[in-house]
Every structure is written in C-alpha cells, then in structure tokens.
Colleague: 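Take this structure, written in structure tokens, and hold onto it; I'll ask about it next.
By convention in this document, chain letters (A, B, ...) are assigned in the order of the sequence lines, proteins followed by strands, and residues within each chain are numbered from 1. As the structure is a computational prediction, the values presented were derived from the model and not from experiment.
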Amino acid sequence: MKMSKLFVQTLREFPSDAEVISHKLLIRAGYIRKLAMGVYNYLPLMWRVIRKIENIIREEMDKAGAQELLMPFVQPKELWEESGRWGAYGGELMRLKDRHGREMCLGPTHEEIITSIARDGLKSYKQLPVNLYQIQSKFRDERRPRFGLLRGREFIMKDAYSFGTSQEELEKEYQNMWNAYTKIFKRCGLDTKAVQSDSGAIGGSVSHEFMVITDTDAGENDVFYCECDYAANSNHAVSVLEETNTAGSWKEAQILDTPNTHSIDELCEFLKIPATVIVKTLVYIIDKKPVLALIRADRQVEETKLMNSVGGNDIRIATSGEIEEMMSINGYDAEKGFIGPDGLKEYNGYPVTVVADETVKNMKNFVIGINKKDKHGVGYNWEKDIKLPEIVTDIRLTEAGDKCPVCGKPLKVTRGIEVGNIFQLGTKYSKPMNAVYLDRNGKSQPYIMGCYGIGVTRTAAAAIEAHHDEHGIIWPLSIAPYHAVVIPVSTKDELQMKVANDLYQTLLKHGVEVVIDDRDERAGVKFKDADLIGFPYRITVGKTITDGLVEFKERNSDELKNIKPEDAAEIVITAVHELVK
RNA sequence: CGGGAUGUAGCGCAGCUUGGUAGCGCACUUCGCUUGGGACGAAGGGGUCGCACGUUCGAAUCGUGUCAUCCCGACCA
C-alpha cells in the first residue's frame with residue numbers, strides 16, 4: 001500500500017472530546033470517526049485491525065469445534081417475550097417499529113434467536129453437544145456511552161452459544177471455551193486474567209470475565225486477586241470476615257440523644273466510638289420494592305450482591321423523599337441517618353425486606369438507628385433487643401487487604417477492562433422458550449446452554465490501552481493494520497526510492513503487509529505518522545544507503561540498527577511467518 | 001436519569017461582556033524553496049456561527065425554547 005493513497009487522516013492535535021488514551025489515539029491516528037454518540041465509523045486502518053482480531057477468534061473458535069453462522073441484527077419482539085426479556089431488559093434494548101407497526105429491536109445479544117434456531121434444528125441428543133457462534137455488530141442503548149470504542153453503543157462482538165444435554169457437558173464446553181479464550185487473547189498480544197463475576201442481565205450461575213489488567217483510567221472494573229489463583233470482579237469478590245472489635249461498651253440497651261448525626265462520621269465523633277460498633281441501615285428500591293440493607297458501618301454495600309440476594313433486576317438507592325414517605329406511612333418521623341430496621345413494615349404497596357450483611361451477625365452492644373430523629377439505640381443485641389433479619393448474607397463490597405476466601409492471604413486490587421466473558425446459562429432460555437430435544441428414552445429435555453462473548457472492538461481499544469507511548473500506538477504484530485512501513489527519506493533521491501521500492505516489493509512477495517511512505521513530505525512528518533499509526537516495524541532508506549545500509553527500528557524499542565536491506569527484510573518476513581504458526 | 005459545561009470551516013480555538021463586512025493555527029489546492037523527528041514564503045478554496053422563534057433598521061453576539069455533544073454520578077460488554 002502506498003501511503004499517498006492510504007485513506008487516513010492523522011491529526012496534529014488530540015480531539016478535545018476524548019478522554020482515554022485509546023479513544024484519543026484512534027481518532028488522532030485516523031482509525032475511527034464518530035458518527036453519533038457511541039457510534040463510530042471504522043476507517044480502513046481500523047477495519048484491518050478488526051478483521052485481524054476477528055480472524056484470530058475464528059481460527060481458535062473453529063479449532064475448538066464451534067461453527068460460525070450469522071443471525072439478523074433486527075429481531076422481532078415475540079422471541080423476547082418468550083424469554084421474558086422484552087419486559088426485563090429495560091432502556092438498553094433499542095426498540096423500534098416497522099411500517100406495519102410491528103415491534104422489533106436491535107440485537108444487544110442473541111440468546112433468544114439462537115435458542116429459536118436450536119429448537120428448530122436440534123431435535124435429538126445424537127446431535128448434541130453443539131457450539132454456534134457469530135461475529136456481528138451489536139447495539140446497546142447505553143445510558144452513558146464513553147471512552148470511544150471501550151464503551152460504544154454499537155460495537156462488534158463475537159457471541160457463541162453452546163447446547164448440551166447435561167451439566168457435565170456444559171462444564172466441559174465451558175473449560176473448552178476458557179482455553180480457547182486464553183489462546184485468543186494471547187495471540188492478540190494481551191495478558192488477561194479470568195475472574196469470577198456476576199452474571200447480570202444475561203442470567204445463569206457460573207461466569208467468568210476475561211480482563212485486560214491496565215493502569216489507565218479506562219479500566220472500569222475493580223478486580224480483586226490473590227497470589228493464589230483466586231480472582232474476581234468487585235461485584236462478585238468475597239472475602240473472609242476478619243476479626244474486629246465489634247462490641248460496644250454499654251452494659252444494657254438504651255436510647256441516646258444523638259442530635260444532627262446524619263452521617264456515620266458524625267455519629268462516631270459524637271459518641272466517641274469506632275464505626276465497627278455501628279449497624280448502618282441503607283434504604284434501597286429494588287424493582288420498586290423497598291429493601292433495607294444492614295451492614296457494619298465501616299463497610300460499603302455491593303449493590304449487585306444486594307440485588308441478587310433478593311432476586312432483583314434493578315437497584316437504586318432510595319431518595320430522601322421516598323425515605324420520608326416510608327417513615328410517615330409506617331408512623332415514624334425520622335430522616336436519613338436515623339433509619340433502622342425495626343418497625344418498618346411496608347412501602348409502595350410492598351412489604352419491606354431486610355437484608356443483613358454477615359458483618360453485623362456477631363456484633364454485640366451495637367449502635368443502630370431506631371427511626372427517631374436525633375436518637376439512636378445503643379448497647380443493642382440481636383434477638384434480645386432487636387430481631388436479627390431473616391436474610392443474612394454477603395452483601396459487602398470487598399476491599400483491598402481483605403482476606404482471600406481460598407487461601408486467607410490479603411487480596412490485592414487492580415483495574416481491568418473486560419474483553420470477554422463466559423457464562424453457564426443452564427436452562428434459563430431453553431425452558432421458557434420450550435427449546436427441547438429428545439433424550440435416549442424419548443423424553444423431552446431442555447438444552448443445557450452456555451454463552452461466550454468477546455468484544456472485538458473493545459479488544460482493539462484495550463490493546464491500545466495496554467500498548468502505547470507518548471508518540472502513539474504500539475500494536476502487537478498480530479493485530480496491527482500493517483506489519484511494516486518502508487520510509488524513503490527523500491522521494492527525489494533515485495537510489496533511495498529504488499531501494500525502498502525493491503524492499504517494498506520483496507516484503508509484499510513474502511506476504512508481509514507493508515506500506516511504503518511515498519509522500520513528498522519531510523522525514524519528520526513520516527516518522528511522526530509512523531509512530532502515531534503504530535506500524536510494528538519501520539525501515540528507513542536514507543543517506544546511509546550509499547554505504548548499502550538502511551535503518552531498522554521496531555516500534556516497541558528505541559534501538560536503531562543500520563543493516564543491509566535484505567537483512568531488514570529477513571527479520572520482518574521471519575516475524576510475520578512466525579505469526580501464522 | 002440527576003449535576004456541570006460546550007456548540008463558530010475536516011481538527012484545535014478566538015470573536016459574544018459593549019449588536020454593524022466571520023477570524024486565527026493546523027489540514028486542503030497551486031507555485032517557489034526545503035528534505036533524518038510534525039520547515040518557510042506567496043497566492044487560493046472551504047463556514048445557513050447547532051436549530052427555531054423573538055427583540056432590533058441590523059443578531060455569531062441579546063431573550064426564550066429546542067436539539068446535539070462532552071464531563072461527574074447512577075447503570076453496564
């Protein structure tokens with residue numbers, strides 16, 4: 001490819017509206033252009049990167065025994081009603097109507113469609129297990145898209161779905177995909193960590209996320225990990241309960257005046273006590289129902305865990321207005337800071353559910369809100385003074401330094417970008433959608449399903465987050481848009497141009513994807529663009545060509561080597577051929 | 001969906017307070033000169049100033065509304 005013809009427009013300055021480095025670099029280096037909020041044009045360089053990643057995924061998925069197909073991007077409402085997700089999915093599902101008024105949606109994921117395909121085609125246990133996948137654009141109408149390709153509304157994803165006859169078969173395929181994913185990300189030049197996670201809206205029980213560990217702001221997930229193998233997303237991380245002083249010094253239960261102690265800090269200050277002897281009560285609204293969360297006051301509630309503890313789909317903290325309303329309905333006059341679990345019966349037409357974190361269970365002589373303004377109960381004990389809630393479980397946010405649930409050593413925390421995930425779905429879709437096969441005994445059984453996703457465009461962005469410097473992108477060779485660039489310093493110098501052209505032709509002949517920068521530009525401009533775009537190899541043909549030498553440089557190193565053109569070609573050709581293996 | 005900000009040429013911005021011919025840098029075209037880390041000079045092309053309504057002899061500038069975009073939060077691959 002001639003640089004003079006390559007469709008790319010590099011910018012001298014970073015765009016003002018980009019925040020993270022991958023977004024800034026993708027725009028500045030001419031890979032993408034924004035079309036609408038969270039929707040991007042993939043320009044030729046970007047498309048080459050995407051296809052490289054897709055092909056690595058294809059090769060490994062096919063090798064793992066999966067089969068590729070392609071499902072429609074626009075889907076009918078009816079299938080989503082069968083699974084129950086038309087109602088459950090919320091605003092993220094982009095809904096539209098066709099000219100006949102029929103309701104459709106843009107596919108955010110394809111469990112419903114693949115399940116309908118399977119139930120039409122897979123009638124017998126003899127046909128199972130099967131793993132089907134596609135690589136396709138998805139659309140999720142995110143509340144707040146951001147970070148360029150890391151969190152767009154439209155994005156390219158590989159989604160695979162497995163169908164089997166037993167949990168054992170599912171677990172085997174789960175492991176199979178785990179292994180395939182490990183290879184895929186490794187081939188893309190990314191170090192990933194598989195972490196336990198919550199399965200969210202997609203449902204199911206066991207799930208893992210593949211995270212690219214990164215120091216940059218773009219890592220949206222907190223990942224807790226241990227020197228043993230344990231690793232989990234913050235929404236799923238658990239820890240061993242540590243021993244702390246959780247007993248107050250009061251001899252008996254009493255009510256104290258605690259004026260204006262709206263926060264835990266103020267209450268600690270006023271009573272001269274540590275937060276570890278206070279039971280904090282938080283009011284949440286989960287699927288419109290009121291839920292009180294009790295937790296030792298030095299810890300935070302992990303909302304996903306809380307939501308799962310009551311089987312909810314949507315969670316938010318209650319507003320002050322709602323809290324006041326709840327108080328008056330139940331005959332109290334307290335406000336935020338003085339809420340307690342005792343005596344709150346109903347709100348919004350639903351009974352109040354109380355969920356306690358494990359941290360409060362062994363607390364003694366503790367402080368707790370009693371729904372009276374400017375008063376708290378102190379010296380309280382469970383059962384004697386106040387009833388221990390029926391639901392006692394882990395709803396706390398894990399913190400760095402907490403003890404590993406596997407080996408007991410302190411957990412560490414880091415930021416990660418989720419590039420892939422694997423789920424054990426079980427019968428979550430096959431049962432409601434009546435997707436069944438006949439087993440050996442001629443009996444109908446729902447498929448045991450799994451699903452496995454990889455964010456293709458996100459993987460590209462994550463690769464940049466992991467591999468860049470102040471000059472631009474440093475692509476891993478396997479996913480770079482081109483392997484190499486040949487730069488004749490002066491296009492008017494006949495010898496330089498001849499050697500550069502010969503080198504270019506040699507590389508092309510050996511299957512190297514190479515660009516020759518034939519523009520009549522100053523050397524500095526060509527170097528800046530080469531660094532920005534991120535060609536893994538750069539061969540400069542300049543003055544030293546009179547001694548028969550060219551300059552060879554790898555993008556990820558500062559070392560400059562003056563070597564013979566044929567040696568430079570040899571290095572690149574060898575590296576590219578290594579990739580194929 | 002709450003809080004904050006911004007919309008002027010492909011990109012980055014000034015002009016708005018105090019209404020009067022729409023500007024600068026980069027990019028683009030042509031010519032000259034230059035050629036190892038984003039040179040220089042000259043001459044050009046490109047904008048219904050987000051949109052609508054209003055005030056005014058006259059609106060990028062003032063008012064009202066609306067749309068879009070970005071940031072923080074909540075939510076999420």
Colleague: Only pairs with both distances under 3.5 Å count, Watson-Crick or wobble alike; so what is the partner of B/G44 in this structure?
Modeller: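 Pair assignment: B/G44 / B/C28.
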
Colleague: Which residue pairs pass the ring-ring contact (aromatic ring centres under 6.0 Å, His included) test when at least one of the two sits in residues 536-566 of chain A, sequence neighbours left out?
Modeller: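 Qualifying pairs: A/Tyr537-A/Phe552.
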
Colleague: Is the shortest distance from a Lys or Arg side-chain nitrogen in A/Asp394 or A/Lys305 to a carboxylate oxygen in the other one below 4.0 Å?
Modeller: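 Yes, charged N to carboxylate O under 4.0 Å.
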
Colleague: What nucleotide, of B/G36, B/U35, B/C75, holds the atom closest to the side chain of A/Glu142?
Modeller: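 From the listed options, B/C75 comes nearest.
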
Colleague: From C-beta outward on A/Glu19, which listed nucleotide comes closest to its side chain: B/C71, B/G37, B/U34?
Modeller: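 Nearest to the side-chain atoms of A/Glu19, counting from C-beta on, is B/C71.
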
Colleague: Find the distance A/Asp558:CG to B/G37:C1' and express it as a whole number of Å.
Modeller: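 A/Asp558 atom CG is separated from B/G37 atom C1' by 13 Å.
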
Colleague: If stacking means aromatic ring centre less than 5.5 angstrom from the base's six-membered ring centre, planes under 30°, is A/Phe527 stacked on B/G38?
Modeller: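 No, A/Phe527 does not stack on the base of B/G38, since the centre distance and plane angle fail the 5.5 Å and 30° test.
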
Colleague: Scan A/Leu532 against the nucleic acid and name what it touches under 4.0 Å (heavy atoms): base, sugar-phosphate only, or nothing.
Modeller: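 If one applies the 4.0 Å heavy-atom cut-off, A/Leu532 turns out to touch a base.
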
Colleague: Determine, for nucleotides 8-14 of chain B in 5'-to-3' order, which nucleotides have protein heavy atoms under 4.0 Å from the base (write B), from only the sugar-phosphate (write S), or from neither (write -).
Modeller: --S-SS-

Colleague: Describe the nucleic acid contact of A/Arg458 in one word from base, sugar-phosphate, nothing, applying a heavy-atom distance below 4.0 Å.
Modeller: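 Since a base atom lies under 4.0 Å of A/Arg458, the category is base.
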
Colleague: Check whether any side-chain N or O of A/Lys34 sits under 4.0 Å from OP1 or OP2 of B/U69, and answer yes or no.
Modeller: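 Negative; the distance criterion is not met.
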
Colleague: How long is the line joining NE2 of A/His23 and P of B/C70, in whole Å?
Modeller: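 For the pair A/His23 NE2 and B/C70 P, the rounded distance is 8 Å.
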
Colleague: Taking atom C1' in both B/C33 and B/G41, what distance in whole Å separates the two?
Modeller: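 So the two C1' atoms sit 8 Å from each other.
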
Colleague: For A/Gly542, report the nucleic acid contact type (base, sugar-phosphate, nothing); a contact means any heavy atom under 4.0 Å.
Modeller: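 The answer is base, as A/Gly542 lies within the cut-off (heavy atoms under 4.0 Å) of a base atom.
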
Colleague: Quick test of your reading: applying salt bridge (charged side-chain N to carboxylate O under 4.0 Å, His left out), list the pairs with at least one residue in residues 26-39 of chain A, sequence neighbours left out, ordered by first then second residue.
Modeller: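 Output for this query lists A/Asp17-A/Lys34.
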
Colleague: Between A/Tyr284 (OH) and B/A74 (P), how many Å, whole number?
Modeller: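 So the two atoms are 11 Å apart, to the nearest Å.
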
Colleague: Is the closest side-chain heavy-atom distance between A/Thr544 and A/Glu551 below 4.5 Å?
Modeller: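 Answer no - side chains too far apart.
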
Colleague: In whole Å, I'd like the distance from the NZ atom of A/Lys24 to the P atom of B/C71.
Modeller: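 Rounded to the whole Å, the gap is 11 Å.
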
Colleague: Would you measure the distance from the P atom in B/A60 across to the matching atom in B/A9 and give it in whole Å?
Modeller: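 Roughly 14 Å separates the two P atoms.
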
Colleague: Looking at A/Tyr40 versus A/His23, is the centre-to-centre ring distance below 6.0 Å?
Modeller: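 Distance test on ring centres: under 6.0 Å, yes.
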
Colleague: Whole-Å distance between B/G36 P and A/Arg519 CZ?
Modeller: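 Atom-to-atom, A/Arg519 to B/G36, this comes out as 16 Å.
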
Colleague: I'd like to check A/Thr393 versus A/Asp357 (side-chain heavy atoms, cut-off strictly below 4.5 Å). Are they in contact?
Modeller: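 Not in contact.
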
Colleague: Quantified in whole Å, what is the P atom distance between nucleotide B/G63 and nucleotide B/C70?
Modeller: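 Going atom to atom, P in each nucleotide, I get 26 Å.
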
Colleague: Could you tell me which nucleotide pairs with B/U34 by Watson-Crick or G-U wobble geometry, both distances under 3.5 Å, or answer none if nothing does?
Modeller: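 None - no nucleotide pairs with B/U34, as no candidate has both distances under 3.5 Å.
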
Colleague: Heavy atoms only: give me the nearest A/Cys451-A/Glu111 pair and the separation to one decimal.
Modeller: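 Nearest heavy atoms, A/Cys451 then A/Glu111: SG-OE2, 3.6 Å.
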
Colleague: Checking base pairs now: Watson-Crick or wobble, both atom distances under 3.5 Å. What partners B/U66?
Modeller: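 Base-paired to B/G50.
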
Colleague: Check every strand shown and say whether A/Lys492 touches a base, only sugar-phosphate, or nothing at a heavy-atom separation below 4.0 Å.
Modeller: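 A/Lys492: base contact, heavy atoms under 4.0 Å.
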
Colleague: Give none if B/G73 has no partner; otherwise give the nucleotide forming a Watson-Crick or G-U wobble pair with it, both distances under 3.5 Å.
Modeller: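 Its partner is B/C1 (Watson-Crick or G-U wobble, both distances under 3.5 Å).
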
Colleague: What is the separation between atom CG on A/Leu149 and atom C1' on B/A77, rounded to the nearest whole Å?
Modeller: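 For the pair A/Leu149 CG and B/A77 C1', the rounded distance is 13 Å.
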
Colleague: Nearest of B/U69, B/A77, B/G36 to any side-chain atom of A/Met37?
Modeller: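 Shortest atom-to-atom distance from the side chain points to B/U69.
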
Colleague: Across all strands shown, which nucleotide pairs with B/A39 by Watson-Crick or G-U wobble geometry, both distances under 3.5 Å?
Modeller: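 Here B/A39 is not engaged in any pair, so there is no nucleotide opposite it.
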
Colleague: From the set B/U35, B/A77, B/C70, return the single nucleotide nearest to any side-chain atom of A/Ser490.
Modeller: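 My answer, after comparing the listed nucleotides, is B/U35.
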
Colleague: Mapping A/Thr491 and A/Thr457 to their closest nucleotides on RNA chain B, which lands nearer the 5' end?
Modeller: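 Nearest-nucleotide comparison on RNA chain B picks A/Thr491.
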
Colleague: What is the distance, rounded to the nearest whole Å, between atom CE of A/Met3 and atom C1' of B/G38?
Modeller: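 Answer to the nearest Å: 13 Å.
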
Colleague: Quote, to the nearest angstrom, the P distance that separates B/G54 from B/A59.
Modeller: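 One P to the other, the span is 12 Å.
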
Colleague: A/Asp493 near the nucleic acid: base, sugar-phosphate alone, or nothing, with a heavy-atom cut-off under 4.0 Å?
Modeller: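 Here A/Asp493 touches no strand at all.
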
Colleague: Between B/G73 and A/Arg146, counting only base atoms on the nucleotide and side-chain atoms on the residue, is there a donor-acceptor pair under 3.5 Å?
Modeller: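 Side chain to base: no pair below 3.5 Å.
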
Colleague: Going from CZ on A/Arg187 to CD1 on A/Ile57, what distance comes out if it is rounded to the nearest 0.5 angstrom?
Modeller: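 The CZ atom of A/Arg187 sits 10.5 Å away from the CD1 atom of A/Ile57.
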
Colleague: Any side-chain N or O of A/Arg12 less than 4.0 Å from the OP1 or OP2 oxygen of B/G38?
Modeller: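 The answer is no; no side-chain N or O of A/Arg12 sits under 4.0 Å from OP1 or OP2.
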
Colleague: Give a yes or no on whether A/Asn55 atom CG has more than 12 heavy-atom contacts from other residues, nucleotides or ligands under 6.0 Å away.
Modeller: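 Yes, because the 6.0 Å sphere around CG of A/Asn55 holds more than 12 heavy atoms from other groups.
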
Colleague: Using the C1' atom as the reference point in each nucleotide, state the distance between B/U34 and B/U61 in Å, no decimals.
Modeller: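 To the nearest whole Å, 44 Å.
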
Colleague: Testing A/Tyr42, A/Trp47, A/Trp475 for ring-ring contact (aromatic ring centres under 6.0 Å, His included) with A/Tyr31, which one passes?
Modeller: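 Among A/Tyr42, A/Trp47, A/Trp475, the one meeting ring-ring contact (aromatic ring centres under 6.0 Å, His included) with A/Tyr31 is A/Trp475.
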
Colleague: Could you check whether A/Arg458 makes a cation-pi contact with A/Phe155, meaning its NZ or CZ is under 6.0 Å from the centre of the six-membered ring and within 45° of the ring axis?
Modeller: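 Judged by the rule (NZ or CZ under 6.0 Å from the ring centre, within 45° of its axis), A/Arg458 is not positioned above A/Phe155.
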
Colleague: Taking the same atom, C1', in B/U21 and in B/G15, what whole-Å distance lies between them?
Modeller: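 One C1' to the other, the span is 14 Å.
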
Colleague: Distance between the C1' atoms of B/G25 and B/U8, in whole angstroms?
Modeller: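 The answer is 15 Å between these two C1' atoms.
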
Colleague: What integer distance in Å separates A/Glu92:CD from B/A74:P?
Modeller: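 Interatomic distance, CD of A/Glu92 to P of B/A74: 16 Å.
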
Colleague: Does A/Thr540 or A/Glu303 map to a spot on RNA chain B nearer the 5' end, using the closest nucleotide for each?
Modeller: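 It is A/Thr540 whose nearest nucleotide is closer to the 5' end.
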
Colleague: Report yes if at least one side-chain N or O of A/Arg144 is closer than 4.0 Å to OP1 or OP2 of B/C70; otherwise report no.
Modeller: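 Answer no for this pair, as no side-chain N or O of A/Arg144 is under 4.0 Å from OP1 or OP2.
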
Colleague: Partner of B/U56 by Watson-Crick or G-U wobble geometry, both contacts under 3.5 Å, or none?
Modeller: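 None - no nucleotide pairs with B/U56, as no candidate has both distances under 3.5 Å.
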
Colleague: Using Watson-Crick or G-U wobble geometry with both distances below 3.5 Å, tell me the partner of B/A22, or none.
Modeller: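 Its partner is none (no Watson-Crick or G-U wobble pair with both distances under 3.5 Å).
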
Colleague: Could you check which of B/G37, B/A74, B/A77 has an atom nearest any side-chain atom of A/Arg143?
Modeller: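 For the A/Arg143 side chain, the nearest candidate turns out to be B/A74.
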
Colleague: Touch check for A/Glu209, heavy atoms < 4.0 angstrom, all strands: base, sugar-phosphate only, or nothing?
Modeller: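 Result for A/Glu209 = nothing.
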
Colleague: Base, sugar-phosphate, or nothing for A/Gly152, non-hydrogen atoms under 4.0 angstrom?
Modeller: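 Here A/Gly152 touches the bases of the nucleic acid.
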
Colleague: Please state the P separation for the pair B/A14 and B/G2 - nearest whole angstrom.
Modeller: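 About 29 Å, rounded to a whole number of Å.
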
